[in-house]
Amino acid sequence: MFHYLQKASGNPMSERERVREKYNPQAIESKWQNFWEEQQSFRAVEEAEREKYYLLVMFPYPSGRIHMGHVRNYTIGDLLARFQRLRGKNVLHPMGWDAFGMPAENAAIQKGTHPRTWTYSNIEAMRRELRSMGLSYDWQRELATCDPQYAHWEQELFLKLYEKGLVYRKLSQVNWDPVDQTVLANEQVIDGKGWRSGAVVERRELSQWFLKITAYAEELLDGLRQLENGWPETVRSMQSHWIGKSHGLEFAFAIEGSDETLPVYTTRPDTVMGVTFCSIAAEHPLARRIASANGAAQAFIQACQSVGTSEEAIERLEKKGFPTGLQAIHPLTGERVPIFIANFVLMNYGTGAVMAVPAHDQRDFEFARTYRLPIRVVIQPPGVTLDPAEMSEAYTGPGVLCHSGPFDGLENETAKEKIIAAFVAQKVGNATTQYRLRDWGISRQRYWGNPIPMIHCPQCGIVPVPVEQLPVPLPDDVELTGSGNPLARHPTWKQTSCPRCSTAAVRETDTMDTFAESSWYFLRYCCADHDGPLDVARVNHWMPVDQYVGGIEHAVLHLLYARFFHKALRDCGLVACDEPFSRLLTQGMVRKDTFRCPEHGWRYPEEVRQQADALYCLQCNARIQVGRNEKMSKSKHNVVDPNDIIQGYGADTARLFMLFAAPPEQDLEWNDSGVDGAWRFLNRLWRLILDVADLPYQPPARTMPEQADLRALRSKTHETIDKVSRDVQRFQFNTAISAVMELVNAANEWQNATQEGQRTPEGLAVLREVAESAVLLLNPFVPHITEELWHRLGHAQPLCQQRWPEVDAEALQRESITLVIQVNGKLRARLTVAAEATPEQIEAAALAEPAVQQQLLNRTIRNRILVPGRLLNFVVN
RNA sequence: GCCCACGUGGCGGAAUCGGUAGACGCCACGGACUUAAAAUCCGUUGAUCGUAAGGUCGUCCCGGUUCAACUCCGGGCGUGGGCACCA
């Protein structure tokens, strides 16, 4: 369907002035979405010959509506998937639903809808919204983690880990709401109180299930090196810190008047002669025993336990302690130092007890000042002599030891080794390696999760559910009220018999952390219809994921749990590769200003009024506090609904704006006004391509033309192809788009400057090459409009089956270059020289510039710095 | 508190390996077209001095390295994210 221009002689109208068909995104977008679906254009089938490319985006929690963070994540993912397809790869690009979790239970409590009903209707709604974005998913591999099948296979995987010895049970602390009789998540604890009941939250110990991630600590740390080229430095460093490997000394203090000892772990053995007291956690066995006979101690411990379980809450505390009255005996000096119970010592790190060196540890320093304990300096920094009485903070840097007997005069790094050696020689301590990483507690006392397939038998103890009896199904008839544990309260569900001895037994009523589901969904996508947990051959065909795209907020937990789970499954023989995600792109968050009224709380933008420089609440006229950009969230009323943009401007405009507004790793401040710019550009593109389609057909240029303006336009085309190809691969989508904008602008300028009658076949060929290149290059960004324009350019085959354009090296050859001439580093002139000009020629031309001559008057050139292709700098006195 | 980032015009951002600061876009202003409006097109747009040519200053702040610093180093200030039961 070529549209040849009927050129009636004497017609004064140029083709630019004719009425053109308007760009109508709604019509075009649904047309091509239907086309792709009917043609199954994005279905991924395992192929032996073509190179595979697994592009994964983090699957969403089905909250019911997509938000801007989703739009950003999935637009980036789709761009990369479509790019790799155009480059000839066999791309797997799946989508699914992270469907278990607390919001479904909250909805059930508030609205009475069953979590399953609520979740599946949300999935329906979100699938429709995602479809309207034109994302190139293979929907045949779609999965929902709350699906009974998925839960079944996950229970089977859990049992495999159990057989491997990676699952165990131990006491662990939770946030306990004494009114609702339920366990609270950290986010449900607000200022130390339960979010629903308002009751003061307590720390309570429960017996819970754990996965032994610490067994893989060393491999998880070591594996980060393998990811050096594919993962952002920041994520690797966060994970490495999270694992927190440290080398140190473990030794025990004797306790005066007791047979017991107090084991401690320290990473600073060089400061061991500066110990002036010891601190133990509130949960330390020694603390408990003291409390059993001492009311004051018990009260102190209880106060410590009214803090919540998050590390942040504990670390922000004012440092407080309680003297136990016990004295610890220093193993090297025999000196007696007091033992305190301290609210900032963590039971689950090291031994739950620490030696305190206030001169060289900030927390110990603050503690010592509060309780007037002695401070003993044992490391002197170079050139300074520290006086404990004068110190305002601990000194934690390097230095030379003092007051340390035989170790005086040693550099502290050397001293670490010598002191460890001394402890080992006297058989009072050991060099040890510690990890900050703790085992992964997967027990949740909630309904909307996957039941842990275990049975408690009064005779046999804990017995796993046999594989042939799986799945343990979630009962549908539960009452969700927000208090208690729904599965535990169910009248019959937990009643069963022991698989070993057949006596009456009860099921485990804990469900799994939802991070379990997201730890293997990428493997399940490879074989979504398999009747069993995983089809090893297909998993190994697609794995590892070549590119993973998701939010930076998952840098540690999800990405570390998934790496661990993957390695554990590898050791069960279910997958071959060591690391699941070869490359990772972490996108920044989408943020927006927040408005808060002192009276009415968070306000929507339409609920405030601007007057002069300030904003006021429409309801009460109170002055609004404008929060600087915060992560978009419903509770803060700063959410922009992507559907408004998609319905108003079309998905292509929404996608283009998202990608153009900021590079993906950076946070994005949402600002509607930029959307118009994206819309205008697509309209300019639309008009240009329809104009070109209307011109007499010439095949796209394949060689350099003679005419200067055409040479320039063709060079620009190939520079753009080159730049977009490189920018997409380095995730600089905004600059890739601006490069195509420049090309489209250049083509328009050429069109405007060239009379219709002056168009030669050569010119038409260059123009068609521009048009086809621009459409191809933009396809991964704005797939609908480019499919339509490709069709209008006369192509029978869809654009999604084309190949990415190739750069013509000849078109990139520069004939002349512009150099900057500096004098003492300041720009004084610009010089255009032939590309092959010699340094002598360049200098002669530079010295001929009047501006340069003026600067060189009465000065002597002492040096010249020539950066080829860039600048020449004269250094003068 | 600890860990990790980030800070460039009125705004989003660009400058890929230490080498032209402000590409591209938004906003604003001026103009063309139109009976008018919308749309579109053309132009101006970091600050400051100057009629102009041109000069000076300028990438959060202070200091350093270098012929040359948005970029590297040290110190500070500010903002954002994570902190193990939100996902």
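Chain naming here is simple, since letters A, B, ... match the order of the sequence lines and numbering starts at 1 in each.
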P-based separation of B:U71 from B:C85 [nearest Å] =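 Their P atoms lie roughly 41 Å apart.
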Distance check: side-chain N/O of [X] vs OP1/OP2 of [N], anything under 4.0 Å?
{"X": "A:Asn873", "N": "B:G19", "answer": "no"}
{"X": "A:Arg730", "N": "B:C17", "answer": "no"}
{"X": "A:Arg203", "N": "B:C85", "answer": "no"}
{"X": "A:Asn186", "N": "B:A84", "answer": "yes"}
{"X": "A:Lys723", "N": "B:A14", "answer": "no"}
{"X": "A:Arg436", "N": "B:C3", "answer": "no"}
{"X": "A:Ser738", "N": "B:G25", "answer": "no"}
{"X": "A:Asn745", "N": "B:G25", "answer": "yes"}
{"X": "A:Gln666", "N": "B:G13", "answer": "yes"}

message = Need to verify one output field. Residue with the more 5' nearest nucleotide on RNA chain B, A:Pro663 or A:Asp513?
response =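 The answer here is A:Pro663.
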query = Of A:Arg446 and A:His241, whose closest RNA chain B nucleotide lies nearer the 5' terminus?
reply =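 The residue closer to the strand's 5' end, by nearest nucleotide, is A:His241.
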Complement of [N], any strand, by Watson-Crick or G-U distances under 3.5 angstrom:
{"N": "B:U34", "result": "none"}
{"N": "B:U79", "result": "B:A5"}
{"N": "B:C72", "result": "B:G64"}
{"N": "B:U16", "result": "none"}
{"N": "B:U56", "result": "B:A47"}
{"N": "B:G25", "result": "B:C11"}

Looking at [options], which one has an atom nearest to any side-chain atom of [X]?
{"X": "A:Tyr61", "options": "B:C4, B:C83, B:A87", "result": "B:A87"}
{"X": "A:Ile865", "options": "B:C67, B:U16, B:G1", "result": "B:C67"}
{"X": "A:Asp727", "options": "B:C86, B:U16, B:C85", "result": "B:U16"}
{"X": "A:Gln732", "options": "B:A84, B:A14, B:C85", "result": "B:A14"}
{"X": "A:Gln822", "options": "B:G12, B:G55, B:G19", "result": "B:G19"}
{"X": "A:Asn734", "options": "B:A14, B:C4, B:A84", "result": "B:A14"}
{"X": "A:Trp242", "options": "B:A84, B:C24, B:U56", "result": "B:A84"}
{"X": "A:Arg680", "options": "B:U40, B:G82, B:C24", "result": "B:U40"}

How many whole angstroms separate atom [atom1] of [X] from atom [atom2] of [N]?
{"X": "A:Gln587", "N": "B:A87", "atom1": "CD", "atom2": "P", "answer": "19 Å"}
{"X": "A:Gln751", "N": "B:U40", "atom1": "CD", "atom2": "P", "answer": "18 Å"}
{"X": "A:His554", "N": "B:A84", "atom1": "NE2", "atom2": "P", "answer": "15 Å"}

When all nucleic acid strands are considered with a 4.0 Å heavy-atom cut-off, which category describes [X]: base, sugar-phosphate, or nothing?
{"X": "A:Val875", "value": "sugar-phosphate"}
{"X": "A:Val174", "value": "base"}
{"X": "A:Arg684", "value": "sugar-phosphate"}
{"X": "A:Ile737", "value": "nothing"}
{"X": "A:Thr818", "value": "nothing"}
{"X": "A:Glu742", "value": "sugar-phosphate"}
{"X": "A:Arg864", "value": "nothing"}
{"X": "A:Gln362", "value": "nothing"}
{"X": "A:Phe660", "value": "base"}
{"X": "A:Leu871", "value": "base"}
{"X": "A:Phe515", "value": "base"}
{"X": "A:Pro103", "value": "nothing"}
{"X": "A:Gly441", "value": "sugar-phosphate"}
{"X": "A:Ala661", "value": "sugar-phosphate"}

inquiry  = Please verify the inter-ring angle class for A:Phe100 with A:Trp448; under 30° counts as parallel, over 60° as perpendicular, anything in between as tilted.
reply    =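 If you compare the ring of A:Phe100 with that of A:Trp448, the planes turn out perpendicular.
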request  = Report yes or no: do A:Asn450 and A:Thr511 form a side-chain donor-acceptor pair below 3.5 Å?
outcome  =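 No donor-acceptor contact under 3.5 Å links the two side chains.
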ask   = Heavy atom of residues 556-564 of chain A under 4.0 Å from RNA chain B: which residues?
value =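 Those residues whose heavy atoms fall under 4.0 Å from RNA chain B, taken from residues 556-564 of chain A in numerical order, are A:Leu557.
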For [X], what residues pass the side chain to side chain contact (heavy atoms under 4.5 Å, CB included) criterion, not counting sequence neighbours?
{"X": "A:His554", "answer": "A:Met58, A:His558"}
{"X": "A:Ser207", "answer": "A:Arg169, A:Leu171"}
{"X": "A:Gln445", "answer": "A:Val183, A:Leu206, A:Gln208, A:Ser443, A:Asn485, A:Asp510"}

Centroid separation [X] to [Y] less than 6.0 Å:
{"X": "A:Phe59", "Y": "A:Trp97", "value": "no"}
{"X": "A:Phe660", "Y": "A:Phe733", "value": "no"}
{"X": "A:Trp679", "Y": "A:Tyr23", "value": "yes"}

query = Are A:Val875 and A:Ile861 close enough, and set up right, to give a side-chain contact (heavy atoms from CB on, under 4.5 Å), and what steps lead you there?
reply = CA-CA 6 Å; A:Val875 184; A:Ile861 298 174; over 6 Å; no
[X] (side chain) and [N] (base): donor-acceptor pair under 3.5 Å:
{"X": "A:Gln208", "N": "B:C85", "value": "yes"}
{"X": "A:Gln445", "N": "B:C85", "value": "yes"}
{"X": "A:Arg870", "N": "B:G19", "value": "no"}

Least distance between heavy atoms, A:His241 atom then A:Arg436 atom =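 Smallest heavy-atom distance, with atoms named: O-NE, 3.5 Å.
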query = So, is B:C17 syn or anti if syn means the angle is within 90° of 0?
reply =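 Here the answer is syn: the torsion falls within 90° of 0.
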Table please: side-chain donor-acceptor pairs of residues 862-871 of chain A below 3.5 Å, with sequence neighbours left out.
residue	atom	partner	partner atom	Å
A:Arg864	NE	A:Glu843	OE1	2.9
A:Arg864	NE	A:Glu843	OE2	2.5
A:Arg864	NH2	A:Glu843	OE2	3.3

ask   = Going by the salt bridge (Lys or Arg N to Asp or Glu O under 4.0 Å) test, which pairs reach into residues 97-107 of chain A, not counting sequence neighbours?
value =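 Passing the test, one end in residues 97-107 of chain A: no pairs.
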